[in-house]
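What follows is one structure encoded as structure tokens, with my remarks underneath.
Hydrogens, waters and symmetry mates are skipped; everything else that's a heavy atom, side chains included, is used. Just follow the structure's listing: the first ligand is 1, and inside any ligand the first atom is 1.
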Amino acid sequence: MCGIIGITGREDAVQGILAGLKRLEYRGYDSAGLVTNDGRDLRVTKRAGKLENLTRALDSQPMTTSTGIGHTRWATHGAPNDRNSHPHLDPSGRVAVVHNGIIENYQALKAGLGDVRFASDTDTEVTAHLVARELDAQDAPDLLLAVRRVVAQLRGAYSICFVAVDDPTTIVVAKHEAPLIVAHADGVGYCASDVAALIDHTRDVAALLDGQIARISPEGVEVFDVDGNEAEPHRYTVDWDLDAAEKKGYEHFMLKEIHEQPQAVHDTLLDRHTSPSPGEPPRLHLDELRIDERELARIDKVFIVACGTSLHAGMVGKLAIEHWAGIPVDVEVASEFRYRDPIVDPHTLVIALSQSGETVDTIAAASHARDQRAPVISIVNVVGSTLAREADGVIYTHAGPEVAVASTKAFTTQIVGTLLLGLYLAQVRGRMYATETADILTRLQQIPDAITQALNLDQEIRELAQRYHDVDYTMFIGRHAGLPIAMEGALKLKEISYLHAEAFPAGEMKHGPIALIEPGTLVIALAPAGHVFAKMVSNIQEVKARGASILAIGTDGSTADLKEHADHVLTLPEPPHELAGPVLSVIPLQLFSYHVATLRGEDVDQPRNLAKTVTVE
Ligand code: M6R
């Protein structure tokens, strides 16, 4: 989704902004622009399309300035063209703005300005007009005060940054329900929507909290609340290095991230089971816990809320929590949760799953739960993100930065996170002997090696992708822990190859979807050894009988049987626990989607219409 970077205090601010925008490309965008402030003029350059278009436009008009803000836009209001790209100016050209999010009351604000011409169709432009009017009304123009008065009128979600020609070294920013990071290092002030844009400059950053406003200058960063009192943002140090945000020789970030999964899962499992004090038996613990364990022991119902790939990880989590902790679990699309009347009370635990920790639908679902006094535990990858900060407990998935829009390593580590949470809830509820927990945790340590074995199937999978990359429709089927993986496989394939793909519970096929099968339809069947294997074989036979081509994903214990029925069988190692199976069975599906998309020549890391972090509803 949109990206922001602002710099003040270095001569090559434009180069710094372009480099920052480059790091934000992965978020997904359809235009890019920047404004520079030399104290005489605000100069805006913006172009629809990729960042190269902006860079090319700037080549023809080189600029040296110490202050500027840049933006990559993912269109919401108004087409993705030059005109609607950010930054936007007020009519006099004194104030410029870039904005992430949606100003919901922009029509009313525009109407309040009277007969004024707008240069764009966006919800954002009106804020530049309003700030300019505020400055005009002041005896001694004060950008901070003007922005404070304007944001008090805004409804919706925003991380928003302003510069004004009268105040050439200042950037004023405000945050509400969309992430905004500020930093100061070596006499330079920064703001960005994402730490990825700042990692070249500093690791000591501060995330603004909702309602905070900051004044950024070469002298430092000052943070205030809505009333103008000094306020404290959430300060933290980024714990990953630049290498993690580079491709390191892989052709795409997605491929690199697929191959990072053994390490990511290893890191997510690390140091989870330690003695609270010397001599005491080890206990499983969360990274952050701001709630009494006795309260968690009284939980009688769980909701898991998430979107997209994270939702699929949540579906595996449901199986783990019900199996180990014995609590009923509902998994719900986050964007639906708060618009019905979920029965949530202080004995309901809500688990929010999110790679970014900034997905607005998931944040909204979690706050809805908190409003009903339900405890919230988040499983997130990005340290210090909104969901991490606002939850009562946090499990971090130590996957490192995930850059490709298509989520891979975040997914497998999220599954591991839900397994850990299932065991943790079993522990606080006294449902498991300590030795049982320890035994399962020991077995889970084998997952990274098993993933490495799964990755060795790459060449075989590439050949299958060669054969099937032109099929129009692929059906994925699975049961039990195979169903979320079937759904994830279908999502991955459609996201990056734009091919039609659907997933069904294998047992549901005969209730309707089997009508879609015709000779040659590709059906990918998740069929590991286990308690539903025999049922899967029956379902495979049903579709085979109707002419489908079957690619079966099996395990050592199931492939001999599968070979009798499927056209192709990929064999994974037996997982160390049936509930850990999804972490392995998703690997061939990630690789299959990747190869299909590259063979079709698609932009794997930045698929069309999609954004990495979805910060609008
Ligand atoms: O950051 P989150 O995990 O909350 O993001 C949720 C979804 O937007 C995300 O998983 C999306 O479905 C990915 N593009 C999947 O590859």
Side-chain angles (χ1 to χ4, degrees), residues 1-2 26-29 74 177-179 193-196 252-255 257-258 261 264 304-317 331-337 350-367 376 378-388 390-391 394-397 399-418 484-485 487-498 501 503 586-587 589-594 597 602-617:
M1 213 127 271
C2 308
Y26 78 96
R27 295 171 67 98
Y29 69 105
W74 188 84
E177 292 182 1
S193 49
D194 183 325
V195 284
H252 296 99
F253 278 109
M254 182 181 175
L255 189 61
E257 287 159 6
I258 288 173
Q261 292 178 103
I304 297 180
V305 291
C307 307
T309 287
S310 299
L311 185 78
H312 301 150
M315 291 170 70
V316 181
V331 186
E332 182 138 353
V333 173
S335 53
E336 289 294 318
F337 185 71
V350 172
I351 301 170
L353 256 96
S354 174
Q355 185 285 129
S356 59
E358 301 294 354
T359 299
V360 80
D361 288 322
T362 313
I363 293 173
S367 3
V376 174
S378 63
I379 300 181
V380 289
N381 192 37
V382 177
V383 176
S385 57
T386 303
L387 274 169
E390 292 184 356
V394 184
I395 291 182
Y396 283 115
T397 53
E402 190 180 65
V403 175
V405 167
S407 189
T408 53
K409 62 176 179 171
F411 177 67
T412 41
T413 54
Q414 279 172 337
I415 294 178
V416 170
T418 64
I485 300 310
M487 295 175 75
E488 176 58 11
L491 178 67
K492 278 295 82 82
L493 189 61
K494 63 185 128 189
E495 272 190 297
I496 58 171
S497 70
Y498 318 142
V586 76
I587 306 286
L589 304 188
Q590 295 169 343
L591 288 167
F592 183 73
S593 311
Y594 172 80
E602 304 301 354
D603 186 348
V604 172
D605 284 337
Q606 290 167 40
R608 72 183 181 203
N609 304 340
L610 295 179
K612 180 66 185 163
T613 306
V614 182
T615 49
V616 293
E617 270 200 71

Between the side chain of E402 and the main-chain N/O of K409, is any donor-acceptor distance below 3.5 Å? yes
Look only at interatomic distance and state if G357 has a nitrogen or oxygen under 3.5 Å from any nitrogen or oxygen of ligand 1. no
Do ligand 1 and S310 have nitrogen or oxygen atoms that lie under 3.5 Å from each other? yes
Below 4.0 angstrom from a heavy atom of [X], which ligand 1 atoms are there? Numbered from 1 as shown, please.
X    : answer
Q355 : 1 (O), 2 (P), 3 (O), 4 (O)
V405 : 13 (C), 14 (N), 16 (O)
A406 : 16 (O)
S354 : 1 (O), 2 (P), 3 (O), 4 (O)
S407 : 15 (C), 16 (O)
G308 : 12 (O)
K492 : 15 (C), 16 (O)

Please state which part of E358 comes within less than 4.0 Å of ligand 1, counting heavy atoms only: side chain, backbone, both or neither. neither
Considering only heavy atoms, does K612 approach ligand 1 within less than 4.0 Å through its side chain, its backbone, both, or neither? neither
Under a 4.5 Å cut-off applied to non-hydrogen side-chain atoms, are [X] and [Y] in contact?
X    : Y    : answer
I496 : E602 : no
Q606 : Y29  : yes
I304 : L353 : yes
S593 : K494 : no
T408 : F253 : no

Return the closest protein heavy atom for [atom] as residue, atom name and distance.
atom                    : value
atom 1 (O) of ligand 1  : S356 OG, 2.6 Å
atom 5 (O) of ligand 1  : T359 OG1, 3.4 Å
atom 14 (N) of ligand 1 : E495 OE2, 2.6 Å
atom 11 (C) of ligand 1 : T309 N, 4.2 Å
atom 7 (C) of ligand 1  : C307 O, 3.6 Å
atom 8 (O) of ligand 1  : V614 CG2, 4.1 Å

Side chain to side chain contact (heavy atoms under 4.5 Å, CB included) between H312 and L491, intermediate numbers included: CA-CA 10 Å; H312 301 150; L491 178 67; 3.8 Å; yes
Does L610 reach ligand 1, in the sense of a heavy atom lying below 4.0 Å from it? no
Starting from the C-alpha separation in whole Å, work towards a yes-or-no answer on side chain to side chain contact (heavy atoms under 4.5 Å, CB included) for V403 and D605. CA-CA 8 Å; V403 175; D605 284 337; over 6 Å; no
Apply side chain to side chain contact (heavy atoms under 4.5 Å, CB included) to E390 and V376, showing your working. CA-CA 8 Å; E390 292 184 356; V376 174; over 6 Å; no
Taking it one step at a time, do E488 and M315 satisfy side chain to side chain contact (heavy atoms under 4.5 Å, CB included)? CA-CA 11 Å; E488 176 58 11; M315 291 170 70; over 6 Å; no
Starting from the C-alpha separation in whole Å, work towards a yes-or-no answer on side chain to side chain donor-acceptor pair (under 3.5 Å) for Q261 and T412. CA-CA 7 Å; Q261 292 178 103; T412 41; 2.7 Å; yes
